[in-house]
S.K.: 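Quick one: the structure is below, questions incoming.
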Amino acid sequence: MAKPRVIYWFRTDLRLHDSPALQAALDLEPEVLWPIFTWDPHYVYKSRVGVNRWQFLLDCQNDLSQSITKLNKKSKLFVLREGPQTLFPKLFKAWKPTHLVFEKDTDAYGRFRDEAITKAAKAAGVQVIIQPGRTLWDSDDIVKQHGGKPTMSITQLQAAGKKQGPVAKPIPAPESLPDPGDMPVDFEQDPPETKPDFNANYRSEKDTGYKDIAGPHGDFAIETLEELGFPPATTPHRGGETIALQALDKLIKNADYTATFQKPKTSPAQFSPQSTTLLSPFFHFGALSVRLFYWRVHQVVSSYGKGASSPPESLIGQVLFRDMYFAAQAALGQSFSQTATNPCCRFIPWHLPSKRDPKTGFTTGEYHIDKEEPEVWFQRWKYGVTGFPWIDALMRQLKEEGWIHHLGRHSVACFLTRGGCYVDWERGAEVFEEWLIDHEPACNIGNWQWLACVAFFTQYYRCYSPVSFGQKWDKNGDLIRRWIPELKKVSAKYIYEPWKMPLPDQKEAGVRVTGDGLSDPQKGTYPKPMFDFSERRGICMSAMKKAYAVGLYGNDEKVLDGSWRSLFPSPDEAEVMGEYESDFGENADNGDDGSQEEANNETSRNKRGAKSNGAESKPKKQKIEL
DNA sequence: GCTATAGTTGGTGTG
DNA sequence: CCACACCAACTATAG
C-alpha cells in the first residue's frame, strides 16, 4: 500500500510543540507532508481584524515557517490565498493527498467551514483527521460532561473537567518532517467576496492580497501588510512560537510569581513591563499550547508548598476561565455571540442595539442609533476622548498596542455598558475584536457578557469608577501620563479629574480642559467629561434593576418580535410612578435606558406582567412592582 | 424545599 | 497602610 500523502492544515495552531493534530499527521508516517495555511475571506473581509493583530499573525506564521524549515530544508509554511471551501476540492484533485489533518475549531464559523471541508474531502476520497488542541479539554467533551449545557461558572467548568479526567500531557515537538509533495496550482482562483469589507478603513493602499493563489512570486510566501493594503502596525508586542517558549521559560523561572499569582492583585496601571504574563495572544494563535502552560505552571505550584495561590485567582485559574468560555460557546454556537436568540444572555434595552437578519436572527454587523447622544458617547469611548483620563488612557493604549490589562478591560467595558453609557455590549465587543491582538472570540464575548451583567455575573451594583478604580492602583496617574501627553504636567490631585482643575492650574500644566474631543480638537486641550459619572451610574443601575425584574432572556419571543417594549414603561410614566427612584441621590430613571423611549404608552399594560415569560420562566422577586 | 453562603478582581467610610 | 462594615441586593450551589 502506498504511503500516506498528508496535507497538514495550520489554522489557530501556529506551533510545533504540543500539537496533537500535527502528531496525528506524523503518526501516519507520511511519504509527503504539506504544511499549509489558507487565507479565508471570512477572516480577511468579514471579521474585524486590526493591523496589530495582523502583525501578530504574521509574526507567528513567519516563526513557524522558519521552524519547519529547520526540520526540513525543503519545507516551510506554504500560504495559499483562497477560501478553503473552494480551494480544497481543487487541491484534492491537483495534489492527490490521501489525508487532510487539522486541529479542531469550535468557533461558530469554524464548525460551519470545517463541516463543508470534511464533506468535500469525503467526496474526493480524502481521509480527514481532526484533533482537539486549542483548550485544556476538548470543549465538546466538557459540554457533554456538563449535561449538554453551556458552562456558565468556573465551578461548573471545574466539575466537568474533573469528570473528563486530567488535562492531556504535552507532546514534544517533532524532530523531523517529511518533504512536501508537488504543489501544482494550475487551476482557476475563485475570487473572494470583498464587499462589505469590515476592515476597509485600514486599507489605505491597494489590496493585492488575493491576486495569486501562491502569492505575488508564486512561492507560497507569507503575506505582508503591504499586500493587504495595510499601514505598518503600531504594537510593540511580537508574536511567534520561539518567543512564546522563551516567555514561558522566563515565567517558570520566577517561581514566586508563578506560584503565588493572584489576578485581582495585579495592577491594570502597570506598563513596561505589565503586571501579567501577556501570553494570551500566543494562546489565541496557538503559538503556545495552553496545556504546555498548564503543566509547567502546575509543576511549579505543586513543588512550591505553602503560600501558592489557587483557582480562580491563580495562573491555572486564568486558563480554566478560557476553557469555560470555550465550552459555553461550544454549547451555544453562534447565538453565544449576541443577545438575540441566546437563552443564556439577559435582555437589557441598551442603546445602539444590533441590527439583525430577520431570516436567521443573527446580527449583521450594523446597529441602530436609537438616540444621538449615546452614539457620541460610544465614539468618544472608542477613540479615548471621553474626558475621563483613566478610560481614555486605556482606550488609547488598546488602540495603539492591542493589549491592555484584564482589569483595564473591566473598567472600560463597565463604563461603556452598565456603568455609564448604557450602550450595548455588542458594540464594545466589536471594538475589542478589531483592536485586541489576543482577541479570542469566545473569551471576548464571555467577558463582555460578564461585565455587562447579562451572563456569568449578576452583581450590577458593583460598578467601576473611572476615577477611584485607577487611583487605587496608580495614585500618580503614570498610565495616564504615558498615554495622554496633554495631561503630562497635571498634578496628581487633578490627573484623574482634570475638569476640576482651576484655570491657573490648567495654565501651569499647559492644558485647557475644553471641547468634546471629537469635533476639531485644539492642540493643548483635553476634553471635558462627556457626562456626570455619578448621575449616569445611578441612572444605569436603576435601569439594570428594572431590566432584571422584567427578566427577559435573548431567546424570548418578546425580545425577538419587539414586544419587549410593552414591558418597559415609558420614561415619563416611570417617573410619575416613582418606581425606581435612584438610591444614589440622583434623578430617577429618566429614560436613558435604551430604545425604550420608543416604547409605546399602551395603557392596558399589565403591571404584573413584568416577569419572564419565555422558556426561562421562573419565579422572580417582584420588588419593582407596586 | 428550605436556608446560608459564596461568587475571578467595587466604592466609601471608619477605626 | 490595612481590615472591615456597609451599600443594596443577584443567583447558583452546598448543606
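Numbered from 1 within each chain, the chains take letters A, B, ... in sequence-line order.
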S.K.: If we ignore angles and hydrogens, is there a donor and acceptor under 3.5 Å between the side chains of A/R427 and A/S354?
M.R.: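 The answer is yes; a qualifying pair exists.
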S.K.: State which of C/dT13, B/dG11, B/dT9 makes the closest approach to the side chain of A/T155.
M.R.: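 Per side-chain heavy atoms of A/T155, the pick is C/dT13.
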S.K.: Using atom P in both nucleotides, what's the gap between C/dC6 and B/dT5 to the nearest angstrom?
M.R.: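 One P to the other, the span is 15 Å.
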S.K.: Using atom P in both nucleotides, what's the gap between C/dC7 and B/dT8 to the nearest angstrom?
M.R.: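 The same atom, P, in both gives a distance of 24 Å.
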S.K.: Given B/dT8, B/dT9, B/dG11, identify the nucleotide with an atom nearest to the side chain of A/S465.
M.R.: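 Ranking B/dT8, B/dT9, B/dG11 by closest atom to the A/S465 side chain puts B/dG11 first.
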S.K.: Between B/dT8, B/dT12, C/dA8, spot the one nearest the side chain of A/S468, thanks.
M.R.: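 Closest nucleotide to the A/S468 side chain: B/dT12.
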S.K.: With respect to the side chain of A/P264, which nucleotide from B/dT8, B/dT9, C/dC10 is positioned closest?
M.R.: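 It is B/dT9.
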S.K.: Closest to the A/P312 side chain: B/dT8, B/dG10, C/dA9?
M.R.: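 The nucleotide sitting nearest to the side chain is B/dT8.
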S.K.: Suppose we call two aromatic rings close when their centres sit under 6.0 Å apart. Are A/Y553 and A/F347 close by that rule?
M.R.: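 Centroid separation for A/Y553 and A/F347: 6.0 Å or greater.
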S.K.: Among the candidates B/dG7, B/dT8, C/dA9, find the nucleotide nearest to the side-chain atoms of A/T458.
M.R.: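 Nucleotide nearest to A/T458's side chain: B/dG7.
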S.K.: Should the pair A/K382 and A/W435 be classed as cation-pi, given the thresholds of under 6.0 Å to the six-membered ring centre and 45° from the axis?
M.R.: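 Yes, cation above the ring, under 6.0 Å and within 45°.
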S.K.: Closest approach to the side chain of A/F469, judged atom by atom: which nucleotide of B/dT8, B/dG11, C/dC10 is it?
M.R.: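 So the nucleotide nearest the side chain must be B/dG11.
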S.K.: Of the nucleotides B/dT8, C/dA9, C/dA12, which has the atom closest to the A/Q156 side chain?
M.R.: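 The closest nucleotide is C/dA12.
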S.K.: In whole Å, what separates the P atom of C/dA5 from that of B/dA6?
M.R.: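 Looking at atom P only, C/dA5 and B/dA6 are 13 Å apart.
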